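Order of the sequence lines fixes the chain letters, A, B, ..., with proteins taken first and strands second; residue numbering starts at 1 for each chain. As the structure is a prediction and not an experimental result, all values here were calculated from the model.
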2 protein chains.
Amino acid sequence: MTTITARERLINAAVEAFAEKGFAGTTTRDIASRAGMSPAAVYVHHDSKESLLFSVSLDGHRRALEVITSAAASSTDPVNRLRAMVYNFSLWHADNSRVGRIVQYEYHALTDEHRAEVATYRRDIEKTMQDALADGVDQGVLDVVDVPGTAFSLLSLGVDLVRWFEPGGSRSGHELATLHADLAVRMTRLR
Amino acid sequence: MTTITARERLINAAVEAFAEKGFAGTTTRDIASRAGMSPAAVYVHHDSKESLLFSVSLDGHRRALEVITSAAASSTDPVNRLRAMVYNFSLWHADNSRVGRIVQYEYHALTDEHRAEVATYRRDIEKTMQDALADGVDQGVLDVVDVPGTAFSLLSLGVDLVRWFEPGGSRSGHELATLHADLAVRMTRLR
DNA sequence: GTCTATACATTGATAGAC
DNA sequence: GTCTATCAATGTATAGAC
């Protein structure tokens, strides 16, 4: 049996609201009412609207990094590894499009300190993808002229899903992630 | 000699502000002060904050469609045509990253009527890319299993630039657009 | 067509009772 | 830890003088 605390209910409400209306467009009253509480109750569990955003953003960044790190460790074959990394990264963004939207589009709304903290996760995500490409080139299996640029482009495929993906739409996350993984291999495989 | 009207100065100010702080995070006072005017002067030239957004968004959508349509007409060779389309679409998003950000990220902030109007431009952009891929397959030059999905992915490369691209950064728009065009050809060329 | 002044609603956050 | 009531600041938009 899982107990959901008031603090967590507020975070879930914030995810809904921020993803739907953006951070600036969301009122603390909206968050409170989605959580079934009064406006004042928000501040018993969270310091401010921004600290609620930081909780969502930090957790989202951590989970995205974990997804791509696990995939990177799943195989030593450069092609299979790349396929797993792109598939899982894109699938995570489809399955978590609301959190992903907050991670990507409300980055600027964080305080300077909080933004600096989540920035380290972003760098780690990019580095993980760059390292996988560079290793594939070293093993003579991949052909990648511009490793940082290509790494960024591969991540863009997943990231851009959060702009429009809605669960229950005409295409499943699995379908899109599989497409992205196929395209990634075509983009980088030595011919 | 180009004369800039007060109306245009306000639009330029709105582009700056909306791109920097988002639509909901921008105040009409901020727009007015960036244009060197009083808050009240805004309403002499524009009906509301949302109508200012609509002006920016509609013009941005039109220009993006024009860019990809011109590129589509620039060649009948599927590979050269695809290269031109992806190059010019990505370059436009790099060169116009502030307008592009408003086009992409403030779509939901438009009224229902205004959103429906710009939606037609979005469909045309997607259709233009899909048609180019389908024709390349018909000519036996391209190998694209999922035409709509691949078209979307190619557009994503350019669109995602607006999330982070800043003029004067370490990579030029030309450099990124060239990379995207190369990746596009690798993704779709028959081997 | 610009301004100052302001109407009126809503905002993030707090006070204090229970 | 929840509520009602409220504060001070700020929001969009308008009124009316020049």
Side-chain angles (χ1 to χ4, degrees), chain A residues 1-58 102 105-115, chain B residues 1-58 102 105-115:
Chain A
M1 187 185 99
T2 308
T3 308
I4 295 172
T5 65
R7 185 186 151 81
E8 287 165 336
R9 266 196 299 143
L10 284 163
I11 288 185
N12 291 339
V15 167
E16 273 185 36
F18 292 159
E20 195 176 309
K21 307 180 174 181
F23 176 74
T26 296
T27 66
T28 54
R29 282 169 172 78
D30 185 13
I31 295 169
S33 102
R34 284 178 198 253
M37 301 168 99
S38 74
V42 173
Y43 296 91
V44 174
H45 304 282
H46 298 277
D47 288 344
S48 66
K49 191 171 89 155
E50 192 276 341
S51 99
L52 215 27
L53 172 65
F54 177 57
S55 295
V56 174
S57 184
L58 180 62
I102 296 163
Y105 300 159
E106 304 303 342
Y107 181 64
H108 71 283
L110 294 165
T111 62
D112 290 347
E113 290 75 14
H114 288 165
R115 199 178 321 107
Chain B
M1 191 185 97
T2 310
T3 308
I4 295 172
T5 65
R7 185 185 151 82
E8 287 164 336
R9 266 197 298 144
L10 284 163
I11 288 185
N12 291 339
V15 168
E16 273 185 35
F18 291 159
E20 195 177 309
K21 308 180 174 181
F23 177 75
T26 296
T27 67
T28 53
R29 284 170 166 80
D30 185 13
I31 295 170
S33 99
R34 284 178 199 252
M37 300 166 100
S38 74
V42 172
Y43 295 90
V44 175
H45 305 282
H46 298 277
D47 288 344
S48 66
K49 191 171 88 155
E50 192 276 340
S51 99
L52 216 27
L53 171 65
F54 178 56
S55 296
V56 173
S57 184
L58 180 61
I102 296 163
Y105 299 159
E106 304 303 342
Y107 182 64
H108 72 281
L110 294 165
T111 62
D112 290 347
E113 289 77 12
H114 289 164
R115 198 178 323 104

Margin query: I need the full list of salt bridge (charged side-chain N to carboxylate O under 4.0 Å, His left out) pairs touching residues 4-13 of chain A, with sequence neighbours left out, sorted by first then second residue.
Written below: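 Not a single pair qualifies under salt bridge (charged side-chain N to carboxylate O under 4.0 Å, His left out).
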Notebook entry, point to check: Between the main-chain N or O of A/Gly22 and the side-chain N or O of A/Thr26, is there a donor-acceptor pair closer than 3.5 Å?
Noted result: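 Present.
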Checklist line | Nearest-angstrom distance from the residue atom NZ of A/Lys49 to P of C/dT14 | finding: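 Checked: the NZ to P distance equals 15 Å.
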Checklist line | B/Asp47 CG - D/dA13 P separation (whole Å) | finding: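 Value for this atom pair: 10 Å.
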Item checked: Qualifying ring-ring contact (aromatic ring centres under 6.0 Å, His included) pairs with a residue from residues 11-43 of chain A, counting only residues at least two apart or across chains ->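 Listed once each, the pairs are A/Phe18-A/Phe23.
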Notebook entry, point to check: Any side-chain N or O of A/Tyr43 less than 4.0 Å from the OP1 or OP2 oxygen of C/dT14?
Noted result: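 For C/dT14, neither OP1 nor OP2 has a side-chain N or O of A/Tyr43 closer than 4.0 Å.
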Next item on the list: Report the residues that fulfil side-chain hydrogen bond (donor to acceptor under 3.5 Å, both in side chains) with B/Ser51, sequence neighbours left out, ordered by chain and then residue number.
Entry: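 Per chain and number, B/Ser51 pairs via side-chain hydrogen bond (donor to acceptor under 3.5 Å, both in side chains) with no residue.
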Margin query: Under 4.0 Å, heavy atoms only, any strand: does B/Thr5 hit a base, just the sugar-phosphate, or nothing?
Written below: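 Here B/Thr5 touches no strand at all.
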Notebook entry, point to check: With sequence neighbours left out, what residues match B/Ala40 under side chain to side chain contact (heavy atoms under 4.5 Å, CB included)?
Noted result: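 Side chain to side chain contact (heavy atoms under 4.5 Å, CB included) list for B/Ala40, sorted by chain: B/Ser38.
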Next item on the list: State which residues pass side chain to side chain contact (heavy atoms under 4.5 Å, CB included) with B/Ser33; sequence neighbours excluded, sorted by chain then number.
Entry: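 Checked B/Ser33 against side chain to side chain contact (heavy atoms under 4.5 Å, CB included); matches are B/Asp30.
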Write down the protein N/O and nucleotide N/O pairs, taken from nucleotides 2-6 of chain D, whose separation is under 3.5 Å; answer none if there are no such pairs.
unit_1	atom_1	unit_2	atom_2	d
D/dT2	OP2	A/His45	NE2	2.5
D/dC3	OP2	A/Ser38	N	2.6
D/dC3	OP2	A/Ser38	OG	2.9

